[in-house]
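One structure is given here, and the rest of the page talks about it.
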Amino acid sequence: MNTPILPPIPTQALTPSRRSFLKTGAAAATGFTLGFHLPAMAQKAGPAPSDAVDINAWIRITPDNQVVCEVARAEMGQGTSTSLPMMLAEELECQWADVRMEFASVSEHIARNKVYVTFATGGSRGTRDSQAVMRKAGAVAREMLKAAAAQQWGVPITEVVAKAGHVSHPASQRKLSYGALAAQAARQPMPESVKLKAPSEWSLIGKPIPRLDIPAKVNGSAVFGIDVRLPGMLYAAIVQCPVFGGAPASVDDGAVKNRRGVKKVVTGPDFVAVVADNWWRAQQAAKALKVSWDYKGQDKLDDAAVRKLLEAGTQAARPLRQEGDFAKAQTEVGAGKVVEAEYFVPYLSHFTLEPQNCTSLLQGDTLGVWAPTQNAEATLAVAAKTAGLPVQKVKVHRPYLGGGFGRRGGFQDFVRQSVQIAQALPGVPVKLLWSREEDMQHDFYRPAALYRQRAVLDAGGQLVAWQALLASQSIVAAIRPEALKNGQDFQAGESFHDMPYRVPALDVRHGLCDINVPVGFWRSVFHSQNPFARECFLDEVLAAAGKDPLQGRLDLLPPDSRDRKVLQAVASAANWGQPLPKGRVQGLAVQDAYGSYAAAVVELSVSAQKVVTVHKVWVAVDPGHVANIDSARAQIEGNVIYALTTMFMSEINLRDGRVQQSNLPDYPLLQLRQTPQITSVLVPTGGEVWGGMGEPPYAPMTAAVANAMAKATGERLRQTPFSHAGYGLA
C-alpha cells in the first residue's frame, strides 16, 4: 500500500526504501542463501528513481556510481547507520565518498521473507550482529559486478579486479564503473561462496570515519519523530493514570471540548487524549480534563514497600551458580576474616532527549505509522494488531530517534496509543507527543535491586568464598518468559553468576520480586547496576586483605583473561600507582558486557563539604574488533556522561503508587562544566569476536567512581545516587 509522506524538508532519513514490494513470485526464486537470505534484483512496480539498480537487498547503485546502503538497524546516535555501510563498502570495494544510506523498509522486509534478518536495535547488537551480513552482501555484489565486466569483455573473471568503484582488466587496460555495470550485474547468478577480507586487508573498518548522519543533525534537516509533518495533521496530548496499571473510570471533558482548536477527546484503555490543531492547545486542554481514575488497588506502593519486597527476595533467592562449599568455608574461617555489605540501586528512567511520540494515519483499511523506534518489526506488529489489520496493510516509516537507551524497543506503548487515537479520527494524520512529565512518570524503568554479599578471607588474606544474594524484578519475564530457566532470570544475575574471578567457593543466588512497577531494558540493563555491587564489594574485600585494587584483581583473574588485558591497559594509560596531584585519588573497576570487556580508572578529589570533582576518566574497551574508531570513542564518552549523571543525581521515587519525579528540576543531567577529561583506550583482540560498544563502557563506571571516593574519604558508598550520602558534583 502507499500512504502519503510529505515532510516539509526532503530528507533521506524519513524516506522509506524506494523499492516496491516484490510481486508474487517475482525474483524470490533467483535468491541464493549464504547463511542469510540475499535475493537478486527486485522487480519494480514503476520506474526506478534515478535509474538506480538493486544488486541485492542491501545495495542499490546509480548510473553516476552512487552506492546506496539499506540499513535495517535504528540510528539513535550510536553510529550504526555509518558503521554498517562501512562493512558493506569494505567488501564492495567502492569509494567511501560515493556511499550513502537509507533506512530499510520493514514492510519490504516482511514481503521478502525477513530478508534483513532483524530490525531490533538493542543490547549493543547493531553492528556486531549485522557485520557478517553486511560484509557478505558487499562481497557478493562485488563478485557480481566482476562477473558482469568479465562477461562484457569476454575474459575470465579471475583476470578482472574490483577497486574504488570500478572493475578493470589490467591486461587490456579496460575499465568500467560500477554504475555502468550495475544493470548487467543484477542479472548475474549469485556466487556460491565469497571470500571476505582478512582484518589486515581492511581499509575502512577500524578507521575513524565521520558519521553519515552528523551533517543533517547539525544543519537541522534531519527528521526525528517529533519533526514529522503531514498535510492536515492534528496533534494529541495525553494523560495517563498516575498509578501503574490503573485506568480511566470517568472523564468530564465539558471544560475543554469547546476550547479553541480542540477537535476531539479520546478515551483509551489506559489514557485520555486531547486532539487539537496544535500541541500546545492539546496539552493545555489535557491538563484541564477532569478524569477519575480506577487505581485497581495499586495506590499504596512506596519506596519502603519496594525495599521490603527486595529484602524478602534476597531471603528467598534461588541458586544461579554454586561452586565449592560456601557454608563450610564460613565455619572454617579461623583466623581469617568475614566481610559483609549490602548494596542498593533505585529505579531509573530512560529520560530520552525526545519524549515518546508517534504519528498515525488510518485511511480505510490501510495504516501509516511514523515512529522513532528501536524495533520497527515490533512497531509494525503492534500497529497492525491494534488496528486489526494484516501487517501487509500497515506501513511503518522510520525517522531518527532522539535517544533510545532501550525505551523504544520491545515496549511499544506509544505506538499502540497513537494508533488508537488515529482510529477515532480516520483519514486524519495525528501526531501523539507525550509531555516530559508523562514520559518520566510512565516509563519502563531500570529495576531497583538489592545485593547482600559476604566474603571469607583465610588467614593469609586469600579470598576463599563469596556469597551474593541478589533481588530484583525480572525484565524478560514480561517480554520473553521463555527466556527464564526453571523460573530463574539469569540476565538479572549477570556479572555475578558469570564473574571471571577464581574463587574456590562461590554461591550466587537471585530472588525474583513481583512489584507493581513496569521495568524494561535500560542502557546496559543489569550490567549498569550489578557491577557497582560486585566491583565495590571486591574493593572492600581486597582492602580487608591489605591488597592493591589492581593487583588484587589480577591475582584472581586467569592468565589469558580479556578482563586482565583491559585492566592492564587502562591502568597503564592512567599511570596507576604513580604519585598524583595533592588531594586526588584513583579508583578502578572492570566488567564484561555484550561481547566486550571494559575497565575504567577514575581520578577525582573530594572537598570537606563533600563536593566531588571528577578530573579524569580513562576507559579501556576490548570489543574484539572496532568498526569505527570515531563512533567508538563517542560511545565511550557518552557512557561516561550518562553514568556520572545517574550515579550522582538520578533516582525514581514512589509514594502512594506514584512516581515523584517529573522533569529536569528533580531529575537533572550532567552539565558541561561537570564533565571530566575522558580518555578512550581501545584494545581490540581481533579474532572472530565482535563485541558491542553502545553499552559496555557504562558497566565499570559507577564502581570505579565509588571506589575512588572510598579511597578519598574512607566512606564506602553502597547506594546510588551518592547524593543520599551528601555528595554532589562540583
Side-chain angles (χ1 to χ4, degrees), residues 206-208 500 524 527 531 535-536 538-539 542 547-557 559-605 612-644 647 674-686 689 691-712:
K207 301 297 188 293
S524 75
H527 287 113
E535 290 292 295
C536 284
L538 180 56
D539 247 43
L542 294 174
K547 296 185 177 182
D548 173 75
L550 173 62
Q551 190 57 50
R553 283 173 169 79
L554 294 176
D555 291 343
L556 293 172
L557 290 169
D560 58 349
S561 167
R562 291 171 69 193
D563 301 84
R564 171 186 290 273
K565 178 179 178 179
V566 293
L567 264 175
Q568 291 173 324
V570 79
S572 176
N575 293 315
W576 179 269
Q578 298 302 309
L580 296 171
K582 184 178 179 181
R584 295 192 187 186
V585 297
Q586 290 183 339
L588 60 73
V590 64
Q591 176 64 50
D592 64 284
Y594 307 107
S596 293
Y597 292 72
V601 170
V602 173
E603 184 175 312
L604 55 78
S605 59
V612 181
T613 301
V614 181
H615 301 281
K616 298 180 180 180
V617 173
W618 295 262
V619 178
V621 182
D622 170 14
H625 293 286
V626 177
N628 184 346
I629 289 179
D630 184 63
S631 290
R633 289 171 176 159
Q635 288 285 55
I636 290 173
E637 293 162 4
N639 272 276
V640 169
I641 292 169
Y642 205 62
L644 287 171
M647 73 178 79
Q674 298 170 311
T675 303
Q677 176 183 320
I678 302 169
T679 301
S680 302
V681 183
L682 297 171
V683 285
T685 53
V689 177
M693 279 300 304
E695 298 167 286
Y698 187 111
M701 273 300 301
T702 308
V705 171
N707 288 337
M709 291 176 66
K711 191 181 295 186

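The CG atom of Asp622 sits 12.0 Å away from atom CG of Leu567, with the distance rounded to the nearest 0.5 Å. With rounding to the nearest 0.5 angstrom, the CG atom of Asp592 is 8.5 Å from the CZ atom of Arg562. Here the OG1-CZ distance, from Thr679 to Arg633, works out to 10.5 Å after rounding to the nearest 0.5 Å. To the nearest 0.5 Å, atoms CG (Asn575) and CG (Leu580) are separated by 9.0 Å. The OG atom of Ser680 lies 7.5 Å from the CE atom of Met693; values are rounded to the nearest 0.5 Å. The CG atom of Asp563 sits 5.5 Å away from the CG atom of Leu557 when rounded to the nearest 0.5 Å.
Judged by distance alone, with hydrogens and angles left aside, the side-chain atoms of Arg553 form a donor-acceptor pair with the main-chain N or O of Pro549 at under 3.5 Å. A donor-acceptor contact shorter than 3.5 Å links the side chain of Ser596 to the backbone of Gly692. Between the side chain of Asp548 and the backbone N or O of Gln551, at least one donor-acceptor pair lies under 3.5 Å.
In summary, Asp555 and Arg564 do not engage in a salt bridge, as defined by a charged side-chain N under 4.0 Å from a carboxylate O.
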* Criterion side-chain contact (heavy atoms from CB on, under 4.5 Å) on Lys207 and Asp630, from CA distance to verdict -> CA-CA 8 Å; Lys207 301 297 188 293; Asp630 184 63; over 6 Å; no
* Asn707 and Leu588: side-chain contact (heavy atoms from CB on, under 4.5 Å), yes or no, with the steps? -> CA-CA 7 Å; Asn707 288 337; Leu588 60 73; 6.0 Å; no
* Would you check, one step at a time, whether the test side-chain contact (heavy atoms from CB on, under 4.5 Å) holds for Val614 with Leu644? => CA-CA 9 Å; Val614 181; Leu644 287 171; 4.2 Å; yes
* Asked: Given the rule in the side-chain contact (heavy atoms from CB on, under 4.5 Å) test, do Val683 and Val566 qualify, once you have shown the distances and angles that lead to the verdict?
  -> CA-CA 7 Å; Val683 285; Val566 293; 3.8 Å; yes
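Residues Ala600 and Ala704 share a closest heavy-atom pair of O-CB, 3.8 Å. The heavy-atom pair separating Cys536 from Ala703 by the smallest distance is SG-CA, 3.6 Å. Residues Gly552 and Leu542 come closest through the heavy atom pair CA-CD2, 3.8 Å. In plain terms, the two heavy atoms of Ala708 and Gly587 that are nearest each other are CB-N, 3.4 Å. A pairwise comparison of heavy atoms in Gly595 and Val689 identifies O-CG1, 3.8 Å as the closest pair. Closest approach of Ala598 and Pro697 over heavy atoms only: CB-CA, 4.2 Å.
Taking 4.5 Å as the limit, some side-chain heavy atom of Leu538 sits within range of a side-chain heavy atom of Leu556. A heavy-atom distance below 4.5 Å is not found between the side chains of Arg584 and Leu604. Side-chain contact check for Glu535 versus Asp539: every heavy-atom pair is 4.5 Å or farther apart. No side-chain heavy atom of His625 sits less than 4.5 Å from a side-chain heavy atom of Thr685. In this structure the side chain of Asp560 never reaches within 4.5 angstrom of the side chain of Lys565, judged on heavy atoms. Side-chain contact between Ile629 and Leu682 is present, with heavy atoms from C-beta onward closer than 4.5 Å. A heavy-atom distance below 4.5 Å is not found between the side chains of Pro700 and Pro531. You'll find the side chain of Val570 stays beyond 4.5 Å of the side chain of Val619, heavy atoms only.
Tested against Glu603, the residues Lys616, Gln586, His615, Gln677 include a single side-chain hydrogen bond (donor to acceptor under 3.5 Å, both in side chains) partner, Gln586. Across Tyr594, Tyr698, Tyr597, a single residue satisfies ring pair (Phe, Tyr, Trp, His ring centres under 6.0 Å) together with His527, and that is Tyr594.
Side-chain contact annotation: Asn639 with Gln635, donor-acceptor N/O pair under 3.5 Å absent.
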